[in-house]
Amino acid sequence: MTETIYALSSGTVPSGVAVIRVSGPGCDEISKALIGGVLPARLASLKTIRDRNGDVVDQGLVLNFPAPASFTGENCLEFQIHGGRATVHKLMRELAIFPDTRPAEAGEFTKRAFENAKIDLVEAEGLADLIGAETEMQRRLAAEHSSGGLSQIYGAWAKRLTHARAMIEAELDFADEDDVPGSVADAVWRDMDSLWTEMQLHLEAAPVGEIIRDGLKVAIIGAPNAGKSSLINALVGRDIAIVTDIPGTTRDLLSCDLDINGYAIRLVDTAGLRESQEPIEQEGIRRARIAMGEADLILLVQDVTGNRDEPALPGTIPVLRIGSKADLGCNTQPIHHDLLVSVRDGRGLDALRAAMVATIEQRLTGVSLAIPSRIRHVSNLESASFWLRAACHAQESGLDLRAEHLRLAAHALGRITGQVDVDSLLDIIFSKFCIGK
């Protein structure tokens, strides 16, 4: 990393203040040329910034973060200037003049922080999630990951695996030595069995992490004209679905994201479920059934004044039975409906929102936010768990084979935090960051 990089890190201009971040070996040269010297470490200084001709670019705060005590682990500069387009572009043009200095790519500051061991991959992904968080729970989950809460768990597991491997290999290599107890493996396998149990409990919380990060997927299903599209419009607060009296109006999936009590909820309106000979409607019904099978929660909408037959439902997915058009039906709640709602007078809508949130909170009971939230985490954890289980239950195999199983478990765990064999992942992960981070 011999190049110095720079980027606007504060978002789109114009703005009140613009922050331009610089990282790399050329920071001291840039500081001397633009503000006349190298500043004391981590001290905000009001400086006049001048171009190569001595003309004033702007006056603003400048901070110096010498390596290694910086975000990237390199020498860093931060210019806080007025956020006018011309001012920002002028300073960026001046930075481009310096040799071996170029604009940063997406996520390059964070990538350099990873490569300089300032953060690991889980913390880097947490930073990306923190920037993209739209709800309070997404923010809390991302903050837990970016601050190292999840990494601490995996680091502690890695140490236990390393210790176990060392003890097993010691018994293999020095079995004839008096100072190596022959029964050391017994204690090791007890601890590894305990570690496998911890991993399994941790993996069981993964669906909760996915729901918090990506949103609770709620499929709204029911017969044609049951009130599904009217319900999603009422929950969202605007007309996103076409509502008519003609059966089969909704042909495709229509989704919308909500923030309810800090939780992300993704509502999916679907085609009415019925027997149809019309090809387009048949495709809509097929997609509706797929959405139903992929949902975390099903809202089965039934017109209280009409047919209440139930379609075939997946047995493993929670279902809320919603009696729609309650203003047209009876005022007492039928036994076979969990809630009665009316989009005309708003009856039951708050209770429905609360019921969706309760579905998430029930899963969160007793679970901390130091949980996996990405497919990459889960895949490597499952691999580590598989090899750990194989090592613990291969009593008939030799110690050398069981030690190899432990090595494979440690390797899979290390891939989560980026300790081993992750070069192929780096470009994919960091390309999803915004410019300037």
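Source: prediction; values computed, not measured. Heavy atoms only: backbone and side chains are in, while hydrogens, waters and symmetry mates are out.
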Give the C-alpha distance, both sets of side-chain angles, the deciding distance and a yes or no for ring-ring contact (aromatic ring centres under 6.0 Å, His included) between His393 and Trp189. CA-CA 9 Å; His393 289 263; Trp189 297 124; over 10 Å; no
Does the side chain to side chain contact (heavy atoms under 4.5 Å, CB included) test come out yes or no for Arg139 and Leu130, once each step is laid out? CA-CA 6 Å; Arg139 183 199 66 78; Leu130 195 59; 3.9 Å; yes
Would Glu74 and Arg112 count as a salt bridge (charged side-chain N to carboxylate O under 4.0 Å, His left out) if you check the C-alpha gap in whole Å, the side-chain angles of each, and the deciding distance to 0.1 Å? CA-CA 8 Å; Glu74 305 172 326; Arg112 290 191 175 197; 3.1 Å; yes
Before giving the answer on side chain to side chain contact (heavy atoms under 4.5 Å, CB included), spell out for His337 and Ile322 the whole-Å C-alpha distance, their side-chain angles and the decisive distance to 0.1 Å. CA-CA 6 Å; His337 286 146; Ile322 310 299; over 6 Å; no
Show, in sequence, the C-alpha distance, side-chain angles and deciding distance for Ile371 and Leu150, and conclude whether the side chain to side chain contact (heavy atoms under 4.5 Å, CB included) test is met. CA-CA 7 Å; Ile371 52 179; Leu150 193 58; 5.6 Å; no
Under the side chain to side chain contact (heavy atoms under 4.5 Å, CB included) rule, what do Ile265 and Leu297 come out as? Steps first, then yes or no, please. CA-CA 10 Å; Ile265 294 177; Leu297 174 66; over 6 Å; no
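In this model, no donor atom of one side chain and acceptor atom of the other lie less than 3.5 Å apart for His377 and Tyr154. Donor-acceptor pairing under 3.5 Å is lacking for the side chains of Asp259 and Thr135. Residues His145 and Glu123 bring no donor and acceptor atom of their side chains to less than 3.5 Å of each other. With 3.5 Å as the limit, one finds a donor-acceptor pair spanning the side chains of Ser385 and Gln200. Side chain to side chain, Gln138 and Glu136 fail the donor-acceptor criterion of an N or O pair below 3.5 Å. Under the 3.5 Å distance criterion, with hydrogens and angles disregarded, a donor-acceptor pair is assigned to the side chains of Asp269 and Ser229. Under 3.5 Å, the side chains of Ser373 and Glu210 contain no donor-acceptor pair of N or O atoms. In the model, Thr72 has a side-chain atom that pairs as donor or acceptor with a side-chain atom of Ser23 under 3.5 Å. Asp345 and Ser342 form a side-chain donor-acceptor contact under 3.5 Å, judged by distance and modelled atom types alone.
Nearest heavy-atom pair, Val301 versus Gly227, reported as atom, atom and distance to 0.1 Å: CG1-C, 4.2 Å. Closest heavy-atom contact between Asn225 and Asp303: O-OD2, 4.3 Å. For the residue pair Tyr263 and Met137, the shortest heavy atom distance occurs at CE2-CG, 3.4 Å. Closest approach of Pro318 to Asp296, counting heavy atoms only: CD-O, 3.4 Å. Residue Val268 comes nearest to Ala291 through the heavy atom pair CG1-CB, 4.4 Å, listed as atom of the first residue, atom of the second, then distance. The shortest non-hydrogen separation linking Gly418 to Leu121 is CA-CD1, 3.8 Å.
Between the Asn75 side chain and the Pro66 main chain, no donor and acceptor come within less than 3.5 Å of each other. A donor-acceptor pair is defined here as one N or O able to donate and one able to accept, closer than 3.5 Å; such a pair exists between the side chain of Lys228 and the backbone of Ala223. At least one donor-acceptor pair closer than 3.5 Å links the side chain of Thr4 to the backbone N or O of Gly26. Not a single donor-acceptor pair under 3.5 Å links the side chain of Asn380 to the backbone N or O of Arg415. Side-chain atoms of Arg402 come within 3.5 Å of backbone N or O of Ala391 as a donor-acceptor pair. Distance alone, capped at 3.5 Å, places no donor-acceptor pair between the Thr87 side chain and the Gly83 backbone. Arg376 contributes a side-chain N or O that, together with a main-chain N or O of Ile416, makes up a donor-acceptor pair within less than 3.5 Å. Side chain of Thr365 to backbone of Glu361: a donor-acceptor contact under 3.5 angstrom is found.
Annotation: side chain of Val22 is not in contact with side chain of Thr101 (no heavy-atom distance under 4.5 Å). Using a 4.5 Å cut-off on side-chain heavy atoms (C-beta onward), Trp157 and Gln152 make no contact. Taking 4.5 Å as the limit, every side-chain heavy atom of Leu216 sits out of range of all side-chain heavy atoms of Arg266. Looking at Phe71 and Leu127, their side chains come closer than 4.5 Å, going by heavy atoms from C-beta outward. Residues Asn116 and Pro68 are not in side-chain contact: their nearest non-hydrogen atoms beyond the backbone lie 4.5 Å or more apart. With contacts defined as side-chain heavy-atom distances shorter than 4.5 Å, the pair Thr270/Met292 does not qualify. Taking 4.5 Å as the limit, some side-chain heavy atom of Val13 sits within range of a side-chain heavy atom of Leu8. Residues Leu91 and Ile81 have side chains in contact (heavy-atom distance under 4.5 Å, counting atoms from C-beta outward).
The ring-ring contact (aromatic ring centres under 6.0 Å, His included) test applied to Phe79 returns no partner, not counting sequence neighbours. Applying the salt bridge (Lys or Arg N to Asp or Glu O under 4.0 Å) rule to Arg42 yields no partners; only residues at least two apart in sequence or on another chain are considered.
No more than 12 heavy atoms of other residues, nucleotides or ligands shown are found within 6.0 angstrom of CZ on Arg140. No more than 12 heavy atoms of other residues, nucleotides or ligands lie within 6.0 Å of CD1 in Ile375, so this atom counts as exposed by the packing criterion.
The line from CD1 of Ile220 to CG of Leu267 is 5.0 Å long, rounded to the nearest 0.5 Å. To the nearest 0.5 Å, atom CZ of residue Arg347 and atom CG of residue Leu340 are 7.5 Å apart. For the atom pair Asp129 CG and Glu144 CD, the distance stands at 13.0 Å (nearest 0.5 Å). For the atom pair CD of Glu198 and CD1 of Ile153, the computed distance is 9.5 Å after rounding to the nearest 0.5 Å. Rounding to the nearest 0.5 angstrom, the gap separating the CH2 atom in Trp387 from the CZ atom in Arg407 is 9.5 Å. To the nearest 0.5 Å, the span separating CZ on Arg363 from CD1 on Ile360 amounts to 8.5 Å.
For Glu283 and Arg286, the salt-bridge test passes: some basic side-chain N is under 4.0 Å from an acidic carboxylate O. At a threshold of 4.0 Å, the pair Arg102-Glu108 counts as salt-bridged, since one of the basic side-chain nitrogens sits closer than that to a carboxylate oxygen. In this structure, Arg190 does not pair ionically with Asp193, as no charged nitrogen and carboxylate oxygen lie closer than 4.0 Å.
The cationic group of Arg21 does not satisfy the cation-pi geometry with Phe65, failing either the under 6.0 Å distance to the six-membered ring centre or the 45° limit from the ring axis.
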